[in-house]
Amino acid sequence: MPLTNREIAAMFENIADMLQIQGESIHRVSAYRNAAQAIRDLPRDVQAIADDGELETIPNVGKIIAEKLTELLTTGKLEFYERLSEEVPPGVVEILHLNGVGPKKAKMFWQDAGITSVDELEKQARAGKLRELSGMGVKSEAKILTAIESLKQHSAETRTPLGIALPSAEAILAQLLALPQAEHGVIAGSIRRARPTIGDVDLLVASDDAPPIMDRFVTMPEVEQVLGHGPTKSSVVLHNGLQADLRVLAAERWGTALQYFSGSQTHNIRIREMARAQGLSLNEHAFTPINGDGAEILCATEEAVYERLGLPWIPPELREDGGEIEAAQAGHLPNLITLEDIRSDLHMHTTWSDGKLSIRQMADAARARGRQFIVITDHSVSSAIANGLSAERLLEQQEEVRRIDAEMEPDFRVFHGVEMDIRADGTLDYPDEVLAQLDFVIASLHVSLQQPREQVTARVLNAIRNPYVDLIGHPRGQLILQRDPADLDMDAVIAAAAEHETALEINANPRRLDLEAQYARRAVEMGVRLAINTDAHTEEQLDQIRYGIMTARRAWVEPQSVINTLTLDEFIEWTQRRIRQGA
DNA sequence: GCCGTTTTCGGCCCGACTGTTTTCAGTCG
């Protein structure tokens, strides 16, 4: 099996950990971490990039790391990695990942006390031995035990799906903003950047009187454990395992504070380097002249921060050092899609298969949310567990769709489609004669996602080439933090989608968010149209469209690339391209 | 180990909080 980008990235992260424990220069360690991050975010397989001889075009990959990648891809092994793994016990790396333990302590536990596993560390802590080590005391020992307990409780998984983190953050922020001392506040960090998974929640509140806000924050009912409680910054762990950090700053410093706490780290490093080039040091409080006695320059808005650096405001979803600074300098920032651009929802289920509402109820619920038209897309016959429709029932359903459409026209339209299974053998679930009678056809992978790359890719390509298939639903089939995506050759999928004018979905369900941003961005660059759909099975899930919009913005997507922004007439015309394709 | 309008060497963002220390190192984001 070829190595996935994620596996390669994990290996380089591991290298960074081991080097850091060995006391290697932080800059060399960072080089491996930066390369790992870049590889994780790539929209293409490292293997494909290597085949093109372009490894060194990957950001933060230079000659040496490119050589290591080549060795890994050609031999399946990396001698450097294997040697390091023999030198540094895996348990020591695990200890490094405990909250409050860094490379210095992990190394000390190992070298000075012979501790090479979390279990052994726990034993020594319970026996009161750790406090005897230099720099350690009773409190440090207790913190170690707390960290180990937390690791057991929440397993090794440290990230939380956006769909859980965002509502949780909104609930906490609302409590803080209810306090009279709070002027205003936002959710910053990776939630604001719309990452599909969240490491911790970053909250920012403007106030001249921070202590009461801090006190409320650390005593909220959601709080399981207080990690830190200072005058302007506090950290807690919530009962759902999520870590939340709160910073409180004066309103006149809001711009620099929000810019800083929105990240990403790599974007901020670039921004601070630009400030330094202008003789300014930038932190969350202000710009400060580096040499000399110049006064602080305060920024009350983010726009003012970017303006000081000669840049237009950069939307937070783009702040990953993925070309957004260069685009801003050139005046080429994208006009990102917003919820207001969305006219339709092209993927949802009803009681005909596994949905909770009738066709009419879904239509009313979508209309109430400002949609102008929808497509009903229940499951096809293979999805027996989801009560998938036989061809007969599908056409029976069409009569009801037509009746409701006639009732609601002209201010709302209901079209008839299907979410058709791509079967394990690559065939589709209905013959073309049936598909020809539908307004819109989604083809999706639901089974045999773990097939080898060639096989699973061939199935999707077959669906893309069918002239009746308008959209590939949740193309990679991932469930965030639960199920890995299918091992699709995304270069081939995107190229075929472009050639056959088949759209690819950004499924807005926060458990999916599939396509993820890096693939959606590449698809648009290659001329593919996207759809942003809720795949709703209930009324509430129609509101999850916001997660799809967030993901699309993160992918640099503009309204014209998304078929849900089409007017009714434009949409009907777009679906007619099947005729041009000889169907 | 990467990178370049300070360019092939010499930098590499910056501050808050904690615990252990009596002035700072370690960790974190």
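- The CD1 atom of A/I290 sits 14 Å away from the C1' atom of B/dC12 (whole-angstrom rounding).
- Look at B/dT8: it lacks any Watson-Crick or wobble partner with both distances under 3.5 angstrom.
- Looking at the side chain of A/R247, the nearest of the listed nucleotides B/dC2, B/dA16, B/dC13 is B/dA16.
- One finds the CG atom of A/L166 at 10.5 Å from the CG atom of A/L173 (value rounded to the nearest 0.5 Å).
- The side chain of A/N268 places no N or O atom within less than 4.0 Å of a non-bridging phosphate oxygen (OP1 or OP2) of B/dC13.
- Looking at which nucleotide of DNA chain B each of A/L227 and A/G62 is closest to, the 5′-most match is held by A/G62.
- For the P atom pair drawn from B/dC28 and B/dT22, the interatomic distance equals 23 Å after rounding to whole Å.
- The NE2 atom of A/H285 sits 18 Å away from the P atom of B/dC13 (whole-angstrom rounding).
- Rounded to an integer number of Å, the gap from CG of A/L249 to C1' of B/dA16 is 11 Å.
- A/R253 places no side-chain N or O within 3.5 Å of a backbone atom of A/L298 that could act as its donor or acceptor partner.
- Between the side chains of A/N268 and A/Q259, a donor-acceptor pair is found at a separation under 3.5 Å.
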For side chain to side chain donor-acceptor pair (under 3.5 Å), just list the numbers for A/T197 and A/R159, CA-CA rounded to whole Å, side-chain angles, deciding distance to a tenth of an Å, and then say yes or no.
CA-CA 6 Å; A/T197 65; A/R159 298 195 73 82; 2.7 Å; yes

Yes or no on side chain to side chain contact (heavy atoms under 4.5 Å, CB included) for A/M136 and A/F109, after CA distance, side-chain angles and deciding distance?
CA-CA 11 Å; A/M136 293 289 294; A/F109 295 148; 4.0 Å; yes

Once base and sugar-phosphate atoms are separated, protein heavy atoms under 4.0 Å mark nucleotides 21-29 of chain B, 5' to 3', with B, S and - as -----SSSB

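- Looking at the side chain of A/T232, the nearest of the listed nucleotides B/dC14, B/dA16, B/dC3 is B/dA16.
- Distances shown here put a side-chain N or O of A/S281 below 4.0 Å from the OP1 or OP2 atom of B/dC14.
- Among the atoms of the strands shown, none is found under 4.0 Å from any heavy atom of A/V226.
- In terms of the side-chain contact (heavy atoms from CB on, under 4.5 Å) criterion, residue partners of A/A210 (sequence neighbours excluded) are, by chain and number, A/V248.
- Only the P atoms considered, B/dG10 is 26 Å distant from B/dG15, to the nearest whole Å.
- Comparing the P positions of B/dC13 and B/dC17 gives a spacing of 22 Å, expressed to the nearest Å.
- Separation of the C1' atoms belonging to B/dT27 and B/dT21 is 16 Å when rounded to the nearest angstrom.
- A/R192 CZ: more than 12 foreign heavy atoms inside a 6.0 Å radius.
- The phosphate of B/dT20 has OP1 or OP2 within less than 4.0 Å of a side-chain N or O from A/S140.
- Atom-to-atom, CZ of A/F261 to P of B/dG15 comes out at 11 Å; the value is rounded to the nearest Å.
- With both ends at atom P, the span from B/dT7 to B/dG1 equals 24 Å, rounded to whole Å.
- Panel note: side chain A/E558, backbone A/N335; a donor-acceptor pair is recorded below 3.5 Å.
- Taking the side chain of A/I64 as heavy atoms from C-beta on, and the options B/dC3, B/dG19, B/dG1, the nearest nucleotide is B/dG1.
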Which letter, B, S or -, goes with each nucleotide of nucleotides 4-10 of chain B from 5' to 3', with contact meaning a protein heavy atom under 4.0 Å?
-------

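- Distance check on atom C1': B/dC3 versus B/dT8 gives 10 Å, rounded to whole Å.
- Using a 4.0 Å heavy-atom distance criterion, A/K68 is classed as a sugar-phosphate-only contact.
- Here the side chain of A/R272 is nearest to one of B/dT20, B/dC14, B/dT18, namely B/dC14.
- In this structure A/T288 satisfies the side-chain contact (heavy atoms from CB on, under 4.5 Å) test together with A/E296, sequence neighbours excluded.
- Other residues, nucleotides and ligands contribute only 12 or fewer heavy atoms inside 6.0 Å of the CD atom of A/E79.
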Between A/Q175 and A/R216, is a side chain to side chain donor-acceptor pair (under 3.5 Å) present by the stated rule, with each step listed?
CA-CA 8 Å; A/Q175 292 183 50; A/R216 166 61 66 88; 4.6 Å; no

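- For A/R308, the CZ atom sits in a loose shell: 12 or fewer heavy atoms of surrounding residues, nucleotides or ligands are nearer than 6.0 Å.
- When the C1' atom is compared between B/dG26 and B/dT20, the two are found 10 Å apart, to the nearest whole Å.
- Listed in residue order, the members of residues 7-34 of chain A having a heavy atom less than 4.0 Å from DNA chain B are A/H27, A/R28, A/A31, A/Y32.
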Name each donor-acceptor pair under 3.5 Å that joins a side chain in residues 83-107 of chain A to protein atoms two or more places apart or in another chain, with its distance.
from, atom 1, to, atom 2, distance (Å)
A/S85, OG, A/Y81, O, 2.8
A/E87, OE1, A/Q22, NE2, 2.6
A/H97, NE2, A/D17, OD2, 2.7

